[in-house]
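Just so we're on the same page: letters track the sequence lines, and every chain starts at 1. Heavy-atom basis, side chains included; hydrogens, waters and symmetry copies ignored.
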Protein chains: 2
Amino acid sequence: MNAPLSERRQAQLAALTDAAERRIAEGGMASLKARDLASDIGIALGGLYNIVADLDELALRVSSRTLGRLGEALTAASDALPLESKADAVNRLVAIAHAYLHFAKGNLRLWRTLFELRLAEGTALPAWAADDQLRLFRHVAEPLTLLVPDMDEAQQTLAARTLFAAVHGIVTLGLEERLVAVPLTALEAQIEWLVRAACRGLGE
Amino acid sequence: MNAPLSERRQAQLAALTDAAERRIAEGGMASLKARDLASDIGIALGGLYNIVADLDELALRVSSRTLGRLGEALTAASDALPLESKADAVNRLVAIAHAYLHFAKGNLRLWRTLFELRLAEGTALPAWAADDQLRLFRHVAEPLTLLVPDMDEAQQTLAARTLFAAVHGIVTLGLEERLVAVPLTALEAQIEWLVRAACRGLGE
DNA sequence: GCGGAAGAATGAACGTTGTTCAAGATAGAA
DNA sequence: TTCTATCTTGAACAACGTTCATTCTTCCGC
């Protein structure tokens, strides 16, 4: 190997994250095993801890990737629609919510691990991870500023959070399937109803 | 000991469930350790598995209790209000949502374990656990039948699920506090806005 | 080129888990 | 009391994340 070490470590980190992503996509976060990953990328068990502090960091890195792809999906959904009138804003919010649903369904295990991350009680999540999350809220916040321009900004942010959370809840329960399976189109309809109703409720 | 065996096992199961509940309430599901529990109720490690099949069953039993108490909380909130007019129905839905929020906040770790249960992929959850969940939905469904009596029943059930899920999402994200802490009163206001808006959207 | 220091790779070993099981203790019927 | 069925026990096992002394590589100043 004649690649410089720092480059090599970069490559190893990428390979490790790839392997972790693959494992999670196949079997959820429960199948993120140190020994499996080490053999996946052809290193010894202990070598993992030269690349990454612990498995939590690895899960966080995979989550960051997932959030990135989710952000792109929401951006794509947003950019496909005009944003001029208030009606546009509502339509865009519906489109974002639908894109969220489809991303979650299409990346079920990776999407779920976004919320299964349990950082050790005291420790806050790294800044770059927090940024990823805030970026998502902005997708919702942007149409809201058009929809209710008179509302003060803190309230707008809060409303964006609430709307996001509500849709997230519907998607979560809808994709659970533990109790009853809801058809995708029914889920879409429910989301649309709720988003439109919430928007009408915002204008008072 | 002169108590009949079956009685004794019953008592052991109760003591074990108590201990598990206490442990979870203190440190979340991550602190449900076989050895701790065995010593809590004064039996040998292996003895646990004469009382309970595995720790998952124990977590499920604790969850069942929690669901029971949650159901009582929602019932109390419901019964405090009249249910005659459509306005009553909306008020009741708001009250239920608020009661849900307060229960979650007041029983944070126990409430969270309700959704952290990961049954082994294939296995469905026991019937008695499914019943507990359906009973919850009925709290929401009942006012809905008054609010939109013309809607067919399947649609009503779906709407109840959606409304529940939306509120659940808001509560979940609101109590997360990982990103930003939302004051409880702000959370209440957000929930009320969303529930009222959703109800108005239902009547179309 | 080269020799030594700094760092990385290795896999055995540790500590903690949940779960099992052969052996011993105990309860209830005869 | 005695016998059998059952429960209880804690040592043992397997799987896990993580650490560490040892060995090998790589890099830099000469």
Side-chain angles (χ1 to χ4, degrees), chain A residues 1-17 19-24 26-63 113 116-123, chain B residues 1-17 19-24 26-63 113 116-123:
Chain A
M1 305 289 149
N2 44 10
L5 253 187
S6 57
E7 253 180 47
R8 180 170 175 171
R9 263 248 305 257
Q10 205 80 4
Q12 278 182 318
L13 178 58
L16 181 57
T17 313
E21 193 173 21
R22 215 175 317 121
R23 291 268 177 195
I24 291 180
E26 270 171 27
M29 214 171 55
S31 44
L32 205 68
K33 313 276 177 65
R35 284 165 179 81
D36 289 346
L37 292 167
S39 97
D40 278 352
I41 65 172
I43 64 171
L45 176 57
L48 274 192
Y49 299 89
N50 295 328
I51 307 178
V52 122
D54 52 26
L55 289 190
D56 282 357
E57 185 195 322
L58 193 51
L60 216 61
R61 286 189 184 279
V62 172
S63 287
T113 65
E116 283 176 15
L117 290 183
R118 288 267 156 251
L119 316 118
E121 200 64 29
T123 63
Chain B
M1 305 285 152
N2 45 11
L5 254 188
S6 58
E7 253 181 46
R8 180 170 174 173
R9 264 250 303 258
Q10 205 79 3
Q12 279 182 318
L13 178 57
L16 181 56
T17 313
E21 194 172 20
R22 214 175 318 122
R23 291 269 177 195
I24 291 180
E26 268 171 29
M29 214 171 54
S31 44
L32 205 67
K33 313 276 178 67
R35 285 164 180 80
D36 289 347
L37 292 167
S39 96
D40 278 353
I41 65 172
I43 64 171
L45 176 57
L48 275 192
Y49 298 89
N50 296 327
I51 307 178
V52 123
D54 53 27
L55 289 190
D56 282 356
E57 185 194 322
L58 193 51
L60 216 61
R61 286 188 185 278
V62 173
S63 287
T113 66
E116 283 176 15
L117 291 182
R118 288 269 155 244
L119 316 116
E121 200 64 26
T123 63

Output the rounded distance in Å from [atom1] ([X]) to [atom2] ([N]).
| X | N | atom1 | atom2 | answer |
| --- | --- | --- | --- | --- |
| A/L37 | D/dA15 | CG | C1' | 15 Å |
| A/Q10 | C/dA8 | CD | C1' | 16 Å |
| B/Y49 | D/dA12 | OH | C1' | 14 Å |
| A/I41 | C/dA8 | CD1 | P | 15 Å |
| B/N50 | D/dG10 | CG | P | 13 Å |
| A/L45 | D/dG17 | CG | P | 9 Å |
| B/D54 | C/dT20 | CG | P | 8 Å |
| A/R8 | D/dT25 | CZ | C1' | 9 Å |

Next on the checklist: My understanding is that only one of A/N50, A/L16, A/L48 makes a side-chain contact (heavy atoms from CB on, under 4.5 Å) with A/I43; could you say which?
Outcome noted: A/L48
Checklist entry - Does a nitrogen or oxygen in the side chain of A/R9 sit under 4.0 Å from OP1 or OP2 of C/dA8? => result yes
Checklist entry - So, is B/Q12 close to the D/dT8 phosphate, meaning a side-chain N or O under 4.0 Å from OP1 or OP2? => result yes
Checklist entry - Just by modelled atom types, is the A/E57 backbone N or O under 3.5 Å from a matching donor or acceptor in the A/D54 side chain? => result yes
Checklist outcome for this item: Per nearest nucleotide of DNA chain C, the residue lying toward the 5' end, B/D36 or A/R35, is A/R35
Next on the checklist: Assuming nearest nucleotide by heavy-atom distance, tell me which of A/G42 and B/L48 is located more 5' along DNA chain C.
Outcome noted: A/G42
Checklist entry - Yes or no on side chain to side chain contact (heavy atoms under 4.5 Å, CB included) for A/L13 and A/T17, after CA distance, side-chain angles and deciding distance? => result CA-CA 6 Å; A/L13 178 58; A/T17 313; 3.9 Å; yes
Checklist outcome for this item: Walking DNA chain D from its 5' end, the first of A/G46 and A/K33 to be reached, judged by nearest nucleotide, is A/K33
Item to check | CA sep, side-chain torsions, deciding dist, call: A/L32, A/I24, side chain to side chain contact (heavy atoms under 4.5 Å, CB included) | outcome: CA-CA 6 Å; A/L32 205 68; A/I24 291 180; 3.7 Å; yes
Checklist outcome for this item: Between the CE atom in B/M29 and the CG atom in B/L55, the distance rounded to the nearest 0.5 Å is 10.0 Å
Item to check | Sugar-phosphate only, base, or nothing, as touched by B/L55 at under 4.0 Å among non-hydrogen atoms | outcome: sugar-phosphate
Next on the checklist: Does B/L32 reach a base, just sugar-phosphate, or nothing at all? Heavy atoms under 4.0 Å.
Outcome noted: sugar-phosphate
